[in-house]
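Below: one structure, written as structure tokens.
Reminder, nothing fancy here: chain letters follow the sequence lines and each chain counts from 1. In what follows, every heavy atom counts, from backbone to side chain, and hydrogens, waters and symmetry copies are set aside. Here the structure is a predicted model, which means the values were calculated and not measured.
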Protein chains: 2
Amino acid sequence: MSLCNNANMRTLNHPSRKSMTLSGVLYALSDPLRLSIIKSLAAQGEQPCGAFGLSVAKSTASHHFRVLREAGVIRMKPEGTQHINSLRREDLDSRFPGLLDAILQASGPV
Amino acid sequence: MSLCNNANMRTLNHPSRKSMTLSGVLYALSDPLRLSIIKSLAAQGEQPCGAFGLSVAKSTASHHFRVLREAGVIRMKPEGTQHINSLRREDLDSRFPGLLDAILQASGPV
DNA sequence: TCCTTTGTTCGATTATAATCGAACTATGAG
DNA sequence: CTCATAGTTCGATTATAATCGAACAAAGGA
């Protein structure tokens with residue numbers, strides 16, 4: 001029972017601009033590992049999950065990418081066998097002006 | 001044993017500017033109730049804990065004020081029987097320029 | 001001195017989140 | 001088709017955090 005639940009991987013659920021919440025974004029970025037991911041994305045541009053050199057299990061990394069995606073911070077685009085991640089800069093800037101820049105600046109150099 | 005542990009209430013531990021962390025601040029502000037507290041402080045200026053009309057138990061409210069204080073977001077000053085809370089605006093602006101303003105703006109009108 | 005007000009601390013409970021390994025899925029290469 | 005790659009999902013475990021009531025503490029008023 002319940003293989004294949006409805007909100008499954010097939011459709012990679014990204015929130016719309018409007019349904020992003022400030023609390024959700026702040027929470028997503030309050031984790032040092034997730035913050036390091038978005039710093040890297042901001043500095044190097046889009047990258048697949050494997051390119052971050054995260055020192056946690058694959059399943060843990062997958063969890064963190066999901067938190068970022070579901071908060072609206074990143075976009076994940078399937079490309080061949082991998083998922084390309086990118087910052088949702090315009091959406092974030094439009095919904096929460098100045099927030100991403102302030103956080104990136106506060107997070108220091110990569 | 002262990003009444004009166006050392007980091008006790010007597011000295012209301014506020015982190016120095018330098019020992020504030022971005023993750024800590026983001027985490028503290030990622031909770032809707034705590035966000036509402038700092039919105040109110042930003043809008044009305046300093047206020048005692050009781051003035052926020054929080055709909056949680058006293059002990060829970062006390063917990064949230066502590067999280068904000070220990071992250072460096074607010075200052076708590078004993079004054080008679082109450083504690084006056086204020087935003088640590090200058091410290092935040094100096095350590096994380098633009099962050100507080102971006103968050104307050106994003107959090108909408110009070 | 002006793003009482004009220006304001007908030008803290010303690011201990012327990014419940015709820016969320018992080019983490020991992022194992023099994024799985026999808027894609028593309030050989 | 002078979003295999004390797006890249007990542008997801010599941011289930012379990014552990015760690016953090018939120019919440020409450022009860023007991024406590026400090027300050028000040030009656």
Side-chain angles (χ1 to χ4, degrees), chain A residues 1-14 21 23-37 46-71 73-86, chain B residues 1-14 21 23-37 46-71 73-86:
Chain A
M1 53 304 276
S2 95
L3 300 187
C4 203
N5 60 41
N6 46 8
N8 225 343
M9 60 178 298
R10 213 69 291 248
T11 330
L12 239 11
N13 186 25
H14 292 81
T21 67
S23 289
V25 170
L26 294 180
Y27 179 76
L29 297 181
S30 73
D31 181 274
L33 191 138
R34 293 194 292 259
L35 193 55
S36 79
I37 291 175
E46 53 181 31
Q47 301 167 73
C49 302
F52 296 88
L54 303 178
S55 53
V56 290
K58 277 197 309 177
S59 49
T60 303
S62 187
H63 163 72
H64 287 297
F65 283 105
R66 175 147 66 130
V67 171
L68 287 169
R69 173 170 54 76
E70 292 183 341
V73 178
I74 66 172
R75 189 182 299 109
M76 300 180 74
K77 179 174 42 163
E79 189 118 328
T81 91
Q82 50 194 17
H83 282 171
I84 306 295
N85 303 283
S86 55
Chain B
M1 55 301 276
S2 96
L3 299 188
C4 205
N5 60 42
N6 46 9
N8 224 342
M9 62 175 297
R10 213 66 294 241
T11 332
L12 239 11
N13 186 26
H14 292 81
T21 67
S23 289
V25 171
L26 294 181
Y27 178 75
L29 297 182
S30 71
D31 181 275
L33 191 138
R34 293 193 292 260
L35 193 56
S36 79
I37 291 174
E46 53 180 33
Q47 302 165 73
C49 301
F52 297 87
L54 303 178
S55 51
V56 289
K58 276 196 311 176
S59 50
T60 302
S62 187
H63 163 72
H64 287 296
F65 283 105
R66 175 147 67 130
V67 171
L68 288 168
R69 173 170 53 77
E70 291 183 343
V73 179
I74 65 171
R75 191 182 298 108
M76 298 180 74
K77 181 176 40 163
E79 188 118 330
T81 91
Q82 50 194 18
H83 282 171
I84 305 295
N85 302 284
S86 56

Let me know the distance between [atom1] of [X] and [atom2] of [N], rounded to the nearest Å.
X        : N       : atom1 : atom2 : result
Arg66(A) : dC10(D) : CZ    : C1'   : 11 Å
Ile84(B) : dT5(C)  : CD1   : P     : 17 Å
Leu12(B) : dA27(D) : CG    : C1'   : 15 Å
Gln47(B) : dG7(C)  : CD    : P     : 11 Å
Glu79(A) : dG7(D)  : CD    : P     : 12 Å
Phe65(B) : dA18(D) : CZ    : P     : 14 Å
His64(A) : dG7(D)  : NE2   : C1'   : 15 Å
Asn85(A) : dG7(D)  : CG    : P     : 8 Å

Check side-chain hydrogen bond (donor to acceptor under 3.5 Å, both in side chains) between [X] and all other residues, then give those that pass, not counting sequence neighbours.
X        : result
Arg75(B) : Ser86(B)
Arg66(A) : none
Arg34(A) : His64(A)
Ser62(B) : none

Phosphate OP1/OP2 of dT6(C): any Thr81(B) side-chain N/O under 4.0 Å: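 Indeed not, no polar side-chain atom of Thr81(B) lies that close.
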OP1 or OP2 of dA26(C) under 4.0 Å from side-chain N/O of His83(A):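 Checking His83(A) against dA26(C): no side-chain N or O falls below 4.0 Å of OP1 or OP2.
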Non-neighbouring partners of Tyr27(A) that pass ring-ring contact (aromatic ring centres under 6.0 Å, His included), sequence neighbours left out: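 Not a single residue meets the ring-ring contact (aromatic ring centres under 6.0 Å, His included) criterion with Tyr27(A).
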Using atom names, set out every protein N or O paired with an N or O of nucleotides 20-24 of chain C below 3.5 Å, distance rounded to 0.1 Å.
{"unit_1": "dC20(C)", "atom_1": "OP2", "unit_2": "Ala57(A)", "atom_2": "N", "d": "2.9"}
{"unit_1": "dC20(C)", "atom_1": "OP2", "unit_2": "Thr60(A)", "atom_2": "OG1", "d": "2.9"}
{"unit_1": "dG21(C)", "atom_1": "N7", "unit_2": "Ser59(A)", "atom_2": "OG", "d": "3.2"}
{"unit_1": "dG21(C)", "atom_1": "O6", "unit_2": "Ser59(A)", "atom_2": "OG", "d": "3.0"}

Axis-to-axis angle between the two ends of the helix from dT1(C)-dA30(D) to dG30(C)-dC1(D) (five base pairs per end, rounded to 10 degrees):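 One end axis against the other gives 10°.
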Contact nearer the 5' end of DNA chain C, comparing Ala61(B) with Leu33(A):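 Residue closer to the 5' terminus by nearest nucleotide: Ala61(B).
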Nearest-nucleotide comparison on DNA chain C, the residue closer to the 5′ end among Pro48(B) and Val67(A):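 It is Pro48(B) whose nearest nucleotide is closer to the 5' end.
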Nearest heavy-atom neighbours spanning His14(B) and Met76(B):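 For His14(B) and Met76(B), the tightest heavy-atom pair comes out as NE2-N, 2.9 Å.
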Minimum-distance pair of heavy atoms, taken over all atoms of Phe52(B) and Ile37(B):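 Heavy-atom minimum between the residues: CE2-O, 3.7 Å.
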Within the sub-3.5 Å range, which N or O atoms of nucleotides 15-17 of chain D have a protein N or O partner, and how far apart are they?
{"unit_1": "dA17(D)", "atom_1": "O3'", "unit_2": "Tyr27(B)", "atom_2": "OH", "d": "2.7"}

Sequence neighbours excluded, every pair satisfying side-chain hydrogen bond (donor to acceptor under 3.5 Å, both in side chains) that has a member inside residues 46-59 of chain A: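 Qualifying pairs: Ser40(A)-Gln47(A).
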Which residues share a side chain to side chain contact (heavy atoms under 4.5 Å, CB included) with Pro32(B), sequence neighbours left out: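 With sequence neighbours excluded, Pro32(B) shows a side chain to side chain contact (heavy atoms under 4.5 Å, CB included) to Ser23(A), given in chain and number order.
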